[in-house]
Amino acid sequence: MNLRPEEINRLIKEQIKSYGSKLETTDFGTVVSVGDGIARINGLDSAMAGELIEFPGGVYGMVQNLEENNVGCVLLGDDSNIVEGDKVSCTGRIVQVPVGEALIGRVVNALGQPIDGKGAIKATDFRNVETKARGVIDRKSVDTPLQTGYKAVDSLIPIGRGQRELIIGDRQTGKTALAVDTIINQKGEDVICIYVAIGQKASTVAQTVKKLEENGAMEYSIIVASTASEKAPLQFLAPYSGVAMAEYFMDEGKDVLIVYDDLSKHAVAYRSMALLLRRPPGREAYPGDVFYLHSRLLERAAKLAKGGSITALPIIETQAGDISAYIPTNVISITDGQIFLETELFNSGVRPAVNPGISVSRVGGSAQIKSMKTIAGPLRLEYAQYRELASFAQFGSDLDKETKAQLAKGERIVEMLKQNQYSPMKVEEQVLIIFAVSNNFCNDIEVSDMKRFEKELIEFANLSHADVLKELKTTKKFDKELMDRTAEVINEFKLTFKPGAAKEN
């Protein structure tokens with residue numbers, strides 16, 4: 001093809017116009033030492049704190065220490081094939097995880113990679129695991145309840161959407177059970193749930209997933225699991241990955257519940273990292289930095305003024321009920337209250353083993369429906385009086401009539417607040433049974449019959465007086481008229497109730 005000189009001239013000019021001299025540089029470093037999931041690298045002069053760096057074999061690490069002569073990095077994968085002298089490159093990206101609807105119903109690791117055998121996750125959005133918490137201007141006060149389905153919690157220690165409520169107690173006192181039941185109770189409530197398992201056995205996580213599936217809760221849940229067999233950096237990262245996923249939904253205007261199970265193991269994982277990275281003890285490492293570690297995580301829970309919220313339920317394990325130890329006091333000072341589960345109560349058959357004396361919600365009645373708020377105040381007082389009276393009554397046999405009546409009512413309150421695992425209760429049903437006990441409708445019911453009375457009363461109300469239950473949930477004022485109608489339902493049921501009949505297994 002013959003081109004005329006003027007055409008050649010035009011083509012050359014076009015090429016010159018579109019020419020751009022873009023220089024791309026990549027920062028490389030060299031591995032100085034590696035072991036126990038920690039690597040030290042020379043030469044990464046432009047590395048950023050929290051940046052993702054790439055090792056040979058597709059293994060990634062996260063920059064933690066920026067020192068004068070080298071960079072301290074935690075590995076987010078297998079370090080067995082990484083050796084001294086290997087070349088390492090910066091990616092220019094802070095550690096991110098996939099977020100979005102595609103993760104709902106899935107079990108992922110701390111990096112957001114699927115571990116449930118259900119194939120790849122087709123996520124299009126990614127978020128940094130570490131971001132700044134929302135400021136005061138973006139937030140609004142908590143005013144919408146998040147029901148756990150437990151009478152003892154929803155009446156005495158209410159949780160609101162956007163709140164941070166600590167679940168604390170010794171091992172094997174029902175902390176995880178309370179959190180999992182709260183997730184199950186969100187069915188139909190338009191709440192996305194994220195359960196972060198830190199340092200647990202893989203079999204324990206699998207059992208939790210199975211229970212959630214059986215109760216239809218995986219339809220609106222995400223499980224982020226960093227098991228005990230994984231290295232400390234992944235256990236450290238897991239809760240931040242979970243809250244990054246939660247923030248996506250919060251920004252979309254949705255309500256999210258996130259459970260951190262548990263932050264005691266998270267602190268241990270951080271301690272391992274701090275020791276291996278040779279961070280100086282005191283403010284810069286364990287134990288001093290654990291407050292900052294957990295505060296920057298929990299402060300990301302919020303209720304936004306424009307809509308959307310993250311409710312955080314961190315779990316902390318105590319040793320012999322010592323809530324004044326270092327890590328429990330740290331987390332108590334960050335959260336908006338705590339639910340204390342007591343070993344003594346658990347072993348005596350009071351489950352959930354909530355101690356109402358130490359447990360507190362700093363949001364209180366703002367996070368309750370009107371009917372529950374009306375009846376919960378007297379219930380708390382009567383329960384506290386019963387516990388005090390019961391401790392004195394065991395030393396004396398000669399009690400006056402009024403004290404005996406108070407103790408009898410207290411026994412029925414304790415029995416009413418007992419609840420089996422995986423059986424959360426609708427809030428309007430809770431109001432009905434608490435109203436019955438508080439207003440002396442159960443004084444002539446034997447304590448051994450209380451569970452059956454509760455079950456049959458709720459069945460009767462749902463069958464014959466569903467309108468009253470609906471009004472108990474939606475009413476803006478629990479007035480005398482509604483109280484009278486509620487009393488009528490209970491009296492009508494009592495005419496058909498047969499004490500001592502066939503008991504529950």
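Heavy atoms only: backbone and side chains are in, while hydrogens, waters and symmetry mates are out.
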Kindly check if the number of other-residue, nucleotide or ligand heavy atoms within 6.0 Å of [atom1] ([X]) is above 12?
X	atom1	answer
Asp467	CG	yes
Arg380	CZ	yes
Glu446	CD	no
Lys473	NZ	no

Is there a donor-acceptor contact under 3.5 Å from the side chain of [X] to the main chain of [Y]?
X	Y	answer
Gln368	Asp154	yes
Tyr220	Lys187	yes
Ser264	Glu317	yes
Asp170	Gly321	yes
Asn215	Tyr422	no
Arg412	Ile445	yes
Lys140	Lys306	no
Gln147	Asn185	no
Asp116	Val107	yes
Glu189	Gln186	no

Suppose we screen for side chain to side chain donor-acceptor pair (under 3.5 Å). Which residues come up paired with Asn347, at least two apart in sequence or across chains? none
Do Ser226 and Leu237 have side chains that approach each other closer than 4.5 Å (heavy atoms only, starting at C-beta)? no
Pair [X] + [Y], salt bridge at N-O below 4.0 Å:
X	Y	result
Lys418	Glu415	yes
Glu456	Lys498	no
Glu454	Lys451	yes
Glu247	Arg134	no
Lys211	Glu214	yes
Arg452	Asp449	yes

List the steps and the verdict of side-chain contact (heavy atoms from CB on, under 4.5 Å) for Phe478 and Ile369. CA-CA 10 Å; Phe478 196 25; Ile369 61 171; over 6 Å; no
For residues [X] and [Y], is any side-chain donor paired with an opposing acceptor at under 3.5 Å?
X	Y	answer
Asn355	Glu344	no
Asp143	Ser366	no
Gln235	Ser272	no
His465	Glu492	yes

Spacing of CD1 belonging to Ile339 relative to CD1 belonging to Ile315, to within rounding of 0.5 Å: 10.0 Å
Spacing of CG belonging to Leu432 relative to CE belonging to Met425, to within rounding of 0.5 Å: 9.5 Å
Enumerate, atom names and distances included, each donor-acceptor pair closer than 3.5 Å involving a side-chain atom of residues 197-204, sequence neighbours excluded.
{"unit_1": "Gln200", "atom_1": "NE2", "unit_2": "Tyr195", "atom_2": "OH", "d": "3.2"}
{"unit_1": "Gln200", "atom_1": "NE2", "unit_2": "Asp261", "atom_2": "O", "d": "3.0"}
{"unit_1": "Gln200", "atom_1": "NE2", "unit_2": "Asp261", "atom_2": "OD2", "d": "3.1"}

All pairs passing ring-ring contact (aromatic ring centres under 6.0 Å, His included) where residues 239-261 contributes a residue, at least two apart: Phe236-Tyr240, Tyr240-His266
Any idea which heavy atoms bring Ala133 and Arg139 closest together, and the distance? CB-NH2, 4.0 Å
